[in-house]
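Here, residue 1 is the first one in the sequence, and each next residue gets the next number.
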Amino acid sequence: MHSLLRALLAGPIASSLFLSFAAEAKDQPTTVVIRNVTVIDMKADQPQPGLTVVTRGNRIATIGRDAKTPEHAQVIDGTGKFLIPGLWDNYTFTLEAHKNQLPYFDLLVAHGVTGVRDAGTSLGLPAAARLRADIEAGRTLGPRLFFAGPVLLTDLPPRPSNRWTGISTVVTSAEEARKAVATLASAGVNHIKTEKRTPPDILKQIISEAHKHKLPVVGVPPAYIADVSNDDLDCIEHFVEIHRATSNKRDEYYALYRDRTIDNMSMDQNYAFFDTMETDQPYYEEALRTLARNKTFVCTNAALLATFIGDYELADVTRRRFKTKAEIAALEKAIGERDRQKRNADYRGSAKSREKTFRNIADLQKAGVPLLTGTQLSQQSVGTPGAVLHDELQIFVAA
C-alpha cells in the first residue's frame with residue numbers, strides 16, 4: 001500500500017519536466033528538443049546551465065551538453081529559461097474551483113504544477129473521472145488529477161469549513177463506512193479522504209475496506225498520530241496535527257472534538273488553547289519513529305496558515321494580477337485580519353508557531369518520515385494557485 005501511495009502521489013515528480021511555456025504547444029510532435037536551458041533537477045546541488053534535453057513522447061530520452069537533435073524534432077531555445085521537475089500540490093480542493101469555472105488549472109500549470117491531489121469535491125464522480133481522462137489525453141489543459149470524491153466523516157460540525165462543508169458523505173457505522181468506500185472505489189477515485197470527526201473504530205473500517213480496493217486513505221486523524229499510523233492510515237493531511245497530537249495537552253485536544261466542546265469555541269479561543277501546548281518530547285520522538293517505521297506520509301500545508309501567509313501571499317502584490325475584484329477584496333480582508341492578530345499578539349503569527357513548524361518539518365525529515373508538500377488550496381482561500389506551492393517549498397528550505 002505504501003509503494004502504491006508513492007507511485008500515486010510522489011513518483012512522477014522526478015521524471016516529469018515542465019516549462020512555463022510548454023502549455024502553448026499542446027499539439028507537439030513526438031520529439032522535442034530544448035537547447036541551452038538551465039536544468040534544476042533533484043540530484044545536483046546547483047543549477048546546471050547550457051544543457052540540451054531531448055524528449056520522445058512523454059519520456060526524457062537524453063540530457064547533456066552535446067546531445068544531438070533528431071531529425072524532424074521541434075526545437076525550443078531555452079536560453080535564459082529554467083527547466084524543472086513537474087511540481088505536485090498534494091492537498092487541494094481544486095475541483096470545486098474548477099466546477100465553478102475558476103481558472104485554477106491554468107494557474108497551476110503556469111506555475112509549474114503538473115500534478116494535483118484533490119481532497120474532496122461535490123463534483124459528480126463520473127464528471128471528475130471524465131475530466132481526469134480528458135487531462136491525461138491532452139483534451140483539457142490541466143495538471144495530472146487524482147481525486148477522492150466526497151470526504152467521509154461521521155457528523156458535520158456547525159462551523160463551515162472548506163475541508164468538509166458541502167463536499168462530505170456522513171457515515172455513522174462500520175457498515176455505512178464500508179459501503180461508502182466500495183461505492184467510491186467503483187466510481188474510480190484515486191484515494192479516500194477522511195476527517196477528524198470520524199471515530200477511530202470507523203476509521204479502521206474505512207482503511208480496511210479501502211486497502212481491499214488498493215486505495216490509499218488520507219485524513220485528519222481523530223486520535224493520536226502513532227495510533228492511526230499503526231492502524232495503517234497512509235497519510236496525515238493536516239500538518240498542525242503533528243504538534244497538537246504530540247503535545248502535553250493532546251488528551252484535552254482530542255476531548256474537544258470527541259465531546260464536541262470545540263463547536264462552541266471561537267477561533268480566537270481555539271488558538272489561545274493551542275498557545276498553551278508544549279511538546280511532550282518523549283512521546284513526540286516515539287511518534288516520529290512510529291511514522292517512519294510504518295512509512296506513514298505527512299502532508300504539509302503551512303504557507304496559507306496565518307503563521308506564514310503574511311510573508312508570502314499577503315505580501316506579494318504581483319499576485320494581484322491573477323485575482324478578480326472579489327478575490328482582491330477577500331485578500332484585503334485577510335490582511336486586515338492578519339493585522340488584528342499581530343496587534344493582539346495572537347499565537348497564529350507568533351515566533352513560537354513559526355519555530356514549531358520549522359522544527360516539525362526538520363524533525364520529520366531527519367526521522368525518515370516521508371513528506372509531501374500541499375497547500376490546502378481552495379476557492380475559499382486567498383492563495384494564488386501554484387504560487388502558494390512555491391511558498392510551501394520555501395518553507396521546506398527554511399526548515
Side-chain angles (χ1 to χ4, degrees), residues 6-90 92 94 103-117 132-146 312 316 318-319 321-322 372-373 375 384-397:
R6 284 196 184 86
L8 177 64
L9 304 183
I13 291 178
S15 61
S16 175
L17 290 180
F18 176 82
L19 277 175
S20 62
F21 52 81
E24 299 173 5
K26 288 186 286 187
D27 298 322
Q28 294 180 358
T30 301
T31 302
V32 178
V33 176
I34 306 169
R35 288 178 175 167
N36 197 36
V37 70
T38 298
V39 171
I40 298 176
D41 62 22
M42 296 299 99
K43 296 180 179 179
D45 291 334
Q46 299 294 327
Q48 302 177 71
L51 295 184
T52 294
V53 178
V54 180
T55 68
R56 291 192 180 93
N58 61 357
R59 290 289 182 268
I60 300 166
T62 307
I63 300 178
R65 300 193 185 281
D66 301 316
K68 295 182 179 179
T69 300
E71 190 176 359
H72 305 305
Q74 178 187 358
V75 179
I76 297 173
D77 182 10
T79 303
K81 295 182 173 62
F82 295 85
L83 190 63
I84 68 171
L87 303 176
W88 279 70
D89 192 334
N90 285 285
T92 75
T94 55
Y104 273 36
F105 283 177
D106 294 343
L107 288 171
L108 287 164
V109 170
H111 285 90
V113 180
T114 59
V116 294
R117 181 160 59 88
R132 178 180 59 194
D134 286 344
I135 291 171
E136 291 177 356
R139 294 185 292 269
T140 296
L141 176 65
R144 295 182 66 196
L145 174 64
F146 298 89
Y312 299 106
D316 186 355
T318 67
R319 300 183 190 184
R321 69 190 188 276
F322 300 122
L372 301 172
T373 50
T375 62
T384 302
V388 292
L389 184 68
H390 297 185
D391 301 339
E392 197 75 25
L393 292 170
Q394 288 191 63
I395 292 170
F396 264 52
V397 172

Would T384 and H390 satisfy side chain to side chain contact (heavy atoms under 4.5 Å, CB included), going step by step from the backbone distance to the final call? CA-CA 10 Å; T384 302; H390 297 185; over 6 Å; no
Roughly how far, to the nearest 0.5 Å, is the CG atom of L87 from the CG atom of L393? 6.0 Å
Hey, does T31 have a side-chain heavy atom less than 4.5 Å from the side chain of T55? no
By side chain to side chain donor-acceptor pair (under 3.5 Å) - contacts of Q48 (at least two apart): D41
Value rounded to 0.5 Å, distance of OG1 in T92 from CG in L389: 10.5 Å
Quick one, F396 and T373 - any side-chain contact, counting heavy atoms below 4.5 Å? yes
Would a 4.5 Å heavy-atom cut-off, applied to side chains only, mark Q394 and Y312 as touching? yes
Test item: K68 and V33 side chains (from C-beta on) under 4.5 Å apart, heavy atoms: no
State, yes or no, whether a side-chain contact exists between R65 and L51 at a heavy-atom distance under 4.5 Å. yes
What pairs with T79 under side chain to side chain donor-acceptor pair (under 3.5 Å), at least two apart in sequence or on another chain? N36, D77
Does some side-chain heavy atom of T94 sit less than 4.5 Å from a side-chain heavy atom of F105? yes
Sequence neighbours excluded, the answer for side chain to side chain donor-acceptor pair (under 3.5 Å) partners of R132 is N190
Of all residues at least two apart in sequence or in a different chain, which pass the side chain to side chain contact (heavy atoms under 4.5 Å, CB included) check with A61? V54, R56
Given 3.5 Å as the limit, does a donor-acceptor pair link the side chain of H111 with the main chain of P385, or not? yes
Treating R117 as the side-chain partner and N90 as the backbone partner, does any N or O pair qualify as donor plus acceptor under 3.5 Å? yes
Under the rule for ring-ring contact (aromatic ring centres under 6.0 Å, His included), what residues qualify as partners of Y104, not counting sequence neighbours? none
Taking all non-hydrogen atoms of both residues, which atom of K81 and which atom of V37 are closest, and how far apart? O-CG2, 3.4 Å
Just to verify, what does P47 make a side chain to side chain contact (heavy atoms under 4.5 Å, CB included) with, not counting sequence neighbours? T38, I40
To the nearest 0.5 Å, atom OG1 of T114 lies from atom CG of L108 at 10.0 Å
Examine distances only and state if a side-chain atom of R321 and a backbone atom of T318 form a donor-acceptor pair shorter than 3.5 Å. yes
Under a 4.5 Å cut-off applied to non-hydrogen side-chain atoms, are I34 and T52 in contact? no
Looking at T30, is its backbone amide N or carbonyl O close enough to the side chain of H72 to form a donor-acceptor pair, meaning the two atoms are under 3.5 Å apart? no
Roughly how far, to the nearest 0.5 Å, is CG of D134 from CG of L145? 11.0 Å
Quick check: closest heavy atoms across G115 and P143, and the distance to 0.1 Å? N-CB, 3.6 Å
Answer yes or no: is there a side-chain heavy-atom contact under 4.5 Å between L107 and F322? yes
